[in-house]
Protein chains: 2
Amino acid sequence: MTVTLADVAARAQVSPATVSRVLNGNYPVAASTRERVLKAVDELDYVLNGPASSLAAATSDLVGILVNDIADPFFGIMASAIQSEIGGPGGRAGGERLAVVCNTGGSPERELTYLTLLQRQRAAAVVLTGGAMEDAQHAAAVAAKLRRLTEAGTRVVLCGRPPAPDTGAVAIAFDNRGGGQRLTEHLIGLGHRRLGYIAGPEERTTTRHRLEGHRAALAAAGISEDPGWTVHGRYDRTSGYEATLELLRRDPSLTAVVAANDSVALGACAALRESGLGIPDDVSVAGFDDLPFSVDAVPALTTVRLPLADAGARAGRIAMGREEPPPGGIATVRGELMVRGSSGAPRQSASA
Amino acid sequence: MTVTLADVAARAQVSPATVSRVLNGNYPVAASTRERVLKAVDELDYVLNGPASSLAAATSDLVGILVNDIADPFFGIMASAIQSEIGGPGGRAGGERLAVVCNTGGSPERELTYLTLLQRQRAAAVVLTGGAMEDAQHAAAVAAKLRRLTEAGTRVVLCGRPPAPDTGAVAIAFDNRGGGQRLTEHLIGLGHRRLGYIAGPEERTTTRHRLEGHRAALAAAGISEDPGWTVHGRYDRTSGYEATLELLRRDPSLTAVVAANDSVALGACAALRESGLGIPDDVSVAGFDDLPFSVDAVPALTTVRLPLADAGARAGRIAMGREEPPPGGIATVRGELMVRGSSGAPRQSASA
DNA sequence: AGCGTCACAGCAAGCGCTTTCTATCCTAGG
DNA sequence: CCTAGGATAGAAAGCGCTTGCTGTGACGCT
């Protein structure tokens with residue numbers, strides 16, 4: 001029914017071994033023979049049987065990319081960059097590898113299951129992107145899996161995710177704490193003293209780090225934070241919208257709202273506008289990530305730009321073994337503060 | 001070195017066959033035996049060898065999702081919906097399948113190569129999303145590949161992509177032409193007579209269909225179009241920005257700009273604003289797709305909402321064989337006109 | 001009591017490819 | 001002219017798993 005290596009061999013009048021060698025190209029084969037084989041391959045429309053090949057060679061060309069939410073450009077941009085370096089078809093890398101992105105939806109179980117599936121497929125490399133869950137049990141389970149993967153020869157790279165000690169995984173982490181701190185410092189510098197904070201889901205490293213940065217800036221400025229100034233939610237626009245309404249209810253005198261990321265910030269802007277508040281005249285807004293649409297918001301969003309594409313590309317190269325891992329297997333990438341129209345001095349800055 | 005089925009069998013004191021059956025769970029195994037096996041699996045940290053399993057069973061649990069641009073939420077949303085139906089880990093589907101999304105970057109060769117790679121892996125199903133290239137040669141090559149895939153038992157579903165006749169592929173297409181037409185009719189109804197159009201890349205079905213709808217509306221209203229009113233570009237914000245500037249240069253009297261999609265529309269808005277033109281007072285703007293951020297633009301974008309998530313979910317179910325394909329293997333999904341703040345009557349509507 | 005039937009469990013034959021080891025043919029040096 | 005050695009090609013042994021077919025008791029029916 002289906003064409004096999006043997007069929008090709010028969011047609012080309014050579015042994016299966018020779019066909020295999022032509023196809024893998026790492027063994028001397030006479031030019032004339034090679035041509036005959038390729039011709040047969042073409043005529044027969046032969047397609048290599050991946051599983052059989054992987055089984056026999058004990059390797060696979062699968063590279064897994066785990067993302068929390070594939071519909072979120074934050075992950076899309078990283079995934080895209082990683083994939084372009086993995087090579088995949090058309091990439092500048094040599095061998096064709098199947099770069100696959102797996103959507104965990106932020107669920108720990110799915111993350112674990114995907115990792116198992118990838119391990120099952122004997123993936124050549126795995127890149128995990130974005131924040132990790134902080135649940136201790138889950139973290140341990142993931143760490144164990146990663147360790148098993150690296151031990152089996154799979155290269156594991158964390159991109160935009162904190163290091164996982166003793167797992168053999170290389171980490172390109174984002175300096176979320178520092179970015180959050182600089183962002184809030186900027187607002188404080190503008191004169192703000194009452195700042196609301198819309199955080200991401202609890203138990204997420206990214207959430208915690210950004211929040212810590214924010215609080216560090218507040219503390220450094222001697223501002224004591226009201227517990228009601230922080231609201232947790234998801235990393236999406238709706239969440240930002242609702243959280244802002246809640247924040248306004250709790251303390252109408254807030255002069256700035258710092259959001260967990262740009263999408264949340266956009267939702268915040270919508271809520272403020274609908275509440276009749278001007279941005280930044282009445283309330284300043286700040287986001288995080290600097291996704292492409294952020295500059296188009298009106299007013300344009302003040303945010304922290306994360307080098308998503310660069311980090312992804314680097315992670316991809318490391319995963320492919322085409323770049324040396326950073327010393328210690330850990331690199332931290334800083335974000336750049338982008339000051340735009342959505343932040344300004346509070347109206348009554350003198351009163352603070 | 002690595003643990004194999006035989007190791008588990010030895011430890012559980014059963015034959016490899018029994019272990020396999022326990023793991024696949026489609027053969028009667030006594031409860032006590034099953035438990036013994038599972039215990040051994042657990043103790044040994046056994047992970048099935050995917051390639052070996054696929055080879056022996058002549059099937060695989062890989063499902064491929066091809067997207068043009070993974071960083072674009074348009075594709076991200078569809079991919080996410082497809083994946084959630086594929087099951088993947090945690091999905092409501094039974095068997096665990098590895099849903100993988102492949103980023104073609106809109107390149108025909110990459111598309112073909114990914115298709116080959118998927119064929120090589122004996123993928124259980126493949127979903128192709130988004131518009132297709134109209135290059136005849138490439139289209140034929142893709143069609144041939146799809147035919148070969150379906151013949152080999154791989155289910156092929158096109159989502160948001162025109163049907164591919166005689167390939168055995170099921171298509172869930174978007175009514176881009178109708179949507180484009182209704183959108184432009186809306187603007188004409190508002191009184192616009194001079195409309196610029198920022199189209200996507202040429203040679204893309206989506207681009208052509210939307211443009212055809214636009215022109216059909218113009219024709220129906222008896223408006224003869226100036227060739228200079230159409231500019232082609234990419235499906236991104238920058239392209240929209242530049243194209244708008246170009247459009248304005250060609251004909252400053254345009255009262256409306258229709259964009260290929262929402263990202264392009266956002267770029268158009270930016271260009272208009274920078275040119276000192278009010279939206280919609282001076283120029284109305286319309287997008288397409290209704291991505292999440294579109295409602296947050298200021299003013300909110302008038303656009304055509306495509307049921308991306310629904311279509312993706314449906315495509316996913318069909319790919320899994322959990323839903324009957326539509327009659328004839330083709331379904332067309334309509335978009336819904338969303339009238340928002342970015343479109344309004346032209347200033348001098350009476351003059352037209 | 002005798003035998004057909006189940007319910008399980010094991011045997012063994014591959015699945016289609018890679019790769020080590022070997023065989024063969026040439027070319028070239030002695 | 002003979003042979004060492006390089007360049008190719010082939011034979012065959014798996015890679016780790018699935019599954020059709022073959023036992024083998026235990027059970028229930030007549």
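Proteins come first, then strands; the chains are lettered A, B, ... in the order of their sequence lines, and each starts at number 1. Every heavy atom of this structure was used, including side-chain atoms; hydrogens, water molecules and symmetry mates were not. In this text the structure is predicted, and so the values were computed from the model without any measurement.
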Is the number of heavy atoms from other residues, nucleotides or ligands within 6.0 Å of CD (A:E134) greater than 12? yes

To the nearest angstrom, the CG-P distance between A:L55 and C:dT19 comes to 12 Å

Let me know the distance between CG of B:N49 and C1' of D:dG16, rounded to the nearest Å. 6 Å

Starting at atom CG of B:D7, determine the distance to atom C1' of D:dG16, rounded to an integer number of angstrom. 10 Å

Tell me, do A:V3 and A:V8 make a side-chain contact under 4.5 Å, heavy atoms counted? yes

Nearest-Å distance, CZ (A:R36) to C1' (D:dT8)? 12 Å

For C:dA9, does OP1 or OP2 lie under 4.0 Å from any side-chain N or O of B:T33? yes

Can you tell me if A:S15 touches the phosphate of D:dG10, counting only side-chain N or O atoms and a distance under 4.0 Å to OP1 or OP2? yes

Protein-nucleotide distance (A:R34, atom CZ; D:dA9, atom C1'), rounded to Å: 13 Å

Using whole Å, report how far CZ of B:R122 lies from P of C:dC15. 14 Å

Once salt bridge (charged side-chain N to carboxylate O under 4.0 Å, His left out) is applied, what residue pairs with a partner in residues 44-55 of chain B remain, sequence neighbours excluded? A:R148-B:D45

Contact check, side chains of B:V14 and B:V37, non-hydrogen atoms, under 4.5 Å: yes

Taking only the side-chain heavy atoms of B:T4 (C-beta and beyond), determine which of D:dG16, C:dT18, C:dC8 contains the nearest atom. D:dG16

If you count every heavy atom of other residues, nucleotides or ligands that lies below 6.0 Å from A:E43 atom CD, does the total exceed 12? yes

Shorter than 3.5 Å, N or O on both sides, protein versus nucleotides 19-26 of chain D: list them out with atom names.
| residue | atom | partner | partner atom | Å |
| --- | --- | --- | --- | --- |
| D:dG20 | O6 | B:R21 | NH1 | 3.2 |

State, without any angle test, whether A:S15 and A:T18 hold a side-chain donor-acceptor pair at a distance under 3.5 Å. yes

Using a heavy-atom cut-off of under 4.0 Å over every strand shown, decide if A:V14 touches base, sugar-phosphate, or nothing. sugar-phosphate

